[in-house]
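Here is the structure we will look at.
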Amino acid sequence: MSTGRSIVDLFDEFQEAESFGLHRILSQTRYRGIPFDFERSVRVEASGVYPKRLLASLDIDDYRQAFSSDLLEPIDWMGAPSAYVQRIIAFFPKAWRIHFGWELGFQGWIGKIYLELCPRMATSCDRTQSVRFEPDQLLFLGYKWLLSDQRSGVVSKYKIHTHLPASQTLDRWREILAHGSSEHESRVADRLIDQLKSTDTLDPDLLLLEVSDEGSSRISYDINLYDLEQPIYAVRDFLIEMTQNVFSNSVQRQWADYLRSIAQQRLGHLAKGNDRNGSLFWTLYFGAVKVIPH
């Protein structure tokens with residue numbers, strides 16, 4: 001794995017999530033020899049920095065093969081609320097990938113299941129253009145709940161906001177970041193985006209998502225930067241500076257220390273938004289790898 005750590009090491013780090021399906025799901029895929037994608041992330045908010053976050057993702061065909069005896073077994077292992085199970089069953093035939101997540105947040109351990117739906121493609125008369133996804137369509141349905149309290153959960157919807165060449169998507173993200181930001185944050189965001197636009201890669205299509213939760217005013221925007229092939233250290237200082245005068249000194253130090261510890265990892269998604277209580281957060285996803293069991 002690109003993190004330089006084995007799955008066994010991660011089992012130790014996420015020991016508290018063992019009773020909520022993590023070990024069983026990963027062990028079953030390894031036993032059946034099924035490949036899956038593995039991704040880490042870290043979130044910073046006013047209450048602290050939360051690096052114990054991971055996602056394991058499978059194509060639906062691989063998922064069916066790994067859990068052929070009972071397709072609902074992993075969902076039961078995770079203790080998903082019964083109301084979510086019914087919605088997952090309803091949307092399952094429309095999904096082409098499924099993602100399982102575990103994270104330690106301010107309120108405790110959270111379980112997550114995402115269904116990734118098959119996107120519609122935008123039509124174009126220009127045959128030289130890449131095939132792109134139509135905007136405003138639902139791409140992910142996310143089900144999240146406190147592992148200690150199945151009554152407490154949310155349903156998140158991820159809609160395609162923009163799917164265009166990197167330069168255009170980054171300009172759109174710049175406009176979004178500027179909205180409601182301080183002058184300092186806007187200046188740092190401008191420098192961050194200029195840095196991303198100066199990479200040596202061609203102009204790959206980048207995906208920008210709008211994320212909302214049912215029944216709340218929570219909204220965030222998630223941009224997928226993997227195709228820019230950048231290490232985290234290329235944007236680390238901007239992300240550190242972005243939290244100045246926003247979070248406490250203690251949180252800023254934790255954030256800076258963690259970003260330095262993962263500086264060599266591949267930059268993935270960046271998400272910024274306001275949670276259900278209106279508080280600011282940033283989330284960085286990084287180092288996605290495909291695990292191919294032998």
Side-chain angles (χ1 to χ4, degrees), residues 3 13-14 16 39-55 101-110 112 142 144 146 152 154 156 158 161 170 172-196 208-213 216-225 230-287:
T3 56
E13 181 181 350
F14 287 79
E16 294 168 89
E39 183 180 37
R40 299 293 301 263
S41 63
V42 57
R43 173 168 165 144
V44 58
E45 58 184 48
S47 62
V49 177
Y50 300 96
K52 288 192 176 184
R53 300 165 53 97
L54 61 83
L55 277 175
W102 300 264
E103 68 177 67
L104 179 61
F106 176 70
Q107 295 179 292
W109 282 94
I110 296 171
K112 303 186 290 185
K144 310 172 187 178
L146 277 174
S152 178
V154 297
S156 298
Y158 295 69
H161 185 280
L170 287 167
R172 180 62 189 125
W173 192 46
R174 186 199 306 268
E175 296 173 9
I176 291 169
L177 291 180
H179 182 71
S181 296
S182 67
E183 184 176 343
H184 169 76
E185 289 176 283
S186 294
R187 286 199 304 268
V188 178
D190 283 343
R191 289 161 46 214
L192 166 63
I193 290 167
D194 288 343
Q195 168 66 26
L196 291 171
L208 177 63
L209 301 177
E210 179 182 291
V211 188
S212 61
D213 288 350
S216 84
S217 59
R218 186 262 201 196
I219 190 166
S220 65
Y221 292 88
D222 179 310
I223 188 168
N224 185 342
L225 301 170
Q230 291 295 294
I232 287 174
Y233 68 74
V235 300
R236 177 191 60 203
D237 291 345
F238 302 115
L239 297 179
I240 293 172
E241 191 176 352
M242 198 80 73
T243 66
Q244 291 178 356
N245 305 319
V246 178
F247 301 126
S248 68
N249 291 337
S250 174
V251 170
Q252 288 179 41
R253 285 194 297 271
Q254 293 176 52
W255 178 233
D257 288 345
Y258 190 77
L259 290 180
R260 293 186 182 104
S261 75
I262 59 172
Q264 300 297 325
Q265 294 294 318
R266 183 182 174 199
L267 176 64
H269 297 247
L270 276 173
K272 179 192 177 185
N274 298 98
D275 64 18
R276 294 170 65 87
N277 298 314
S279 299
L280 174 71
F281 70 88
W282 278 86
T283 305
L284 165 64
Y285 298 81
F286 60 91

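The structure presented is a predicted model; accordingly, all values stated were derived computationally and were not measured.
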Would a distance-only check, ignoring hydrogens and angles, find a side-chain to backbone donor-acceptor pair under 3.5 Å from [X] to [Y]?
| X | Y | result |
| --- | --- | --- |
| Ser279 | Asp275 | no |
| His184 | Glu241 | yes |
| Arg53 | Thr283 | no |

Any heavy-atom pair between the side chains of [Y] and [X] that's under 4.5 Å?
| X | Y | answer |
| --- | --- | --- |
| Tyr285 | Leu267 | no |
| Leu208 | Arg172 | yes |
| Val154 | Lys144 | yes |
| Asp257 | Gln254 | no |
| Leu54 | Trp102 | yes |
| Asn274 | Phe281 | no |
| Tyr50 | Val42 | no |

Do Tyr221 and Glu210 pair up side chain to side chain, a donor and an acceptor below 3.5 Å, judged on atom types alone? yes
Decide whether Ser220 and Lys272 meet the rule of one side-chain donor and one side-chain acceptor closer than 3.5 Å.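 No, Lys272 and Ser220 have no side-chain donor paired with an acceptor closer than 3.5 Å.
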[X] to [Y] - nearest heavy-atom pair and separation:
| X | Y | result |
| --- | --- | --- |
| Ser186 | Ser181 | OG-CB, 3.8 Å |
| Trp255 | Leu239 | NE1-O, 2.9 Å |
| Leu177 | Trp282 | CD2-CH2, 4.1 Å |
| Ser47 | Phe106 | CB-CD1, 3.6 Å |
| Glu39 | His269 | OE2-CD2, 3.7 Å |

Test side-chain contact (heavy atoms from CB on, under 4.5 Å) on Ile262 and Arg40; report intermediate values, then the result. CA-CA 11 Å; Ile262 59 172; Arg40 299 293 301 263; over 6 Å; no
Quick check on Gln244: does its CD atom have over 12 non-hydrogen neighbours (other residues, nucleotides or ligands) under 6.0 Å away?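 Yes, the 6.0 Å shell around CD holds more than 12 heavy atoms from other groups.
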How about CD on Glu183, more than 12 heavy atoms from neighbouring residues, nucleotides or ligands closer than 6.0 Å, or not? no
Keeping to residues at least two apart or across chains, list the salt bridge (charged side-chain N to carboxylate O under 4.0 Å, His left out) pairs with something in residues 261-271.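 Found Glu229-Arg266.
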If you apply the rule side-chain contact (heavy atoms from CB on, under 4.5 Å), what do you find for Leu280 with Val246, and how did you get there? CA-CA 9 Å; Leu280 174 71; Val246 178; 3.2 Å; yes
Less than 4.0 angstrom from a charged side-chain N to a carboxylate O is my criterion; do [X] and [Y] meet it?
| X | Y | value |
| --- | --- | --- |
| Asp237 | Arg260 | no |
| Glu45 | Arg43 | yes |
| Glu13 | Lys52 | no |

Rounded distance (nearest 0.5 Å) linking atom [atom1] of [X] with atom [atom2] of [Y]:
| X | Y | atom1 | atom2 | answer |
| --- | --- | --- | --- | --- |
| Ile223 | Trp173 | CD1 | CH2 | 5.5 Å |
| Leu270 | Leu196 | CG | CG | 7.5 Å |
| Ile193 | Phe238 | CD1 | CZ | 10.5 Å |
| Glu103 | Ile110 | CD | CD1 | 4.5 Å |
| Asp190 | Asp194 | CG | CG | 6.5 Å |
| Glu16 | Leu104 | CD | CG | 6.5 Å |

Stepwise side-chain contact (heavy atoms from CB on, under 4.5 Å) check, Val211 with Ile219: CA-CA 5 Å; Val211 188; Ile219 190 166; over 6 Å; no
For Ile232 and Gln264: C-alpha separation, side-chain torsions, deciding distance, then whether side-chain contact (heavy atoms from CB on, under 4.5 Å) applies. CA-CA 6 Å; Ile232 287 174; Gln264 300 297 325; over 6 Å; no
Set of residues satisfying side-chain contact (heavy atoms from CB on, under 4.5 Å) with respect to Ser216, sequence neighbours excluded: Asp213, Arg218, Arg276
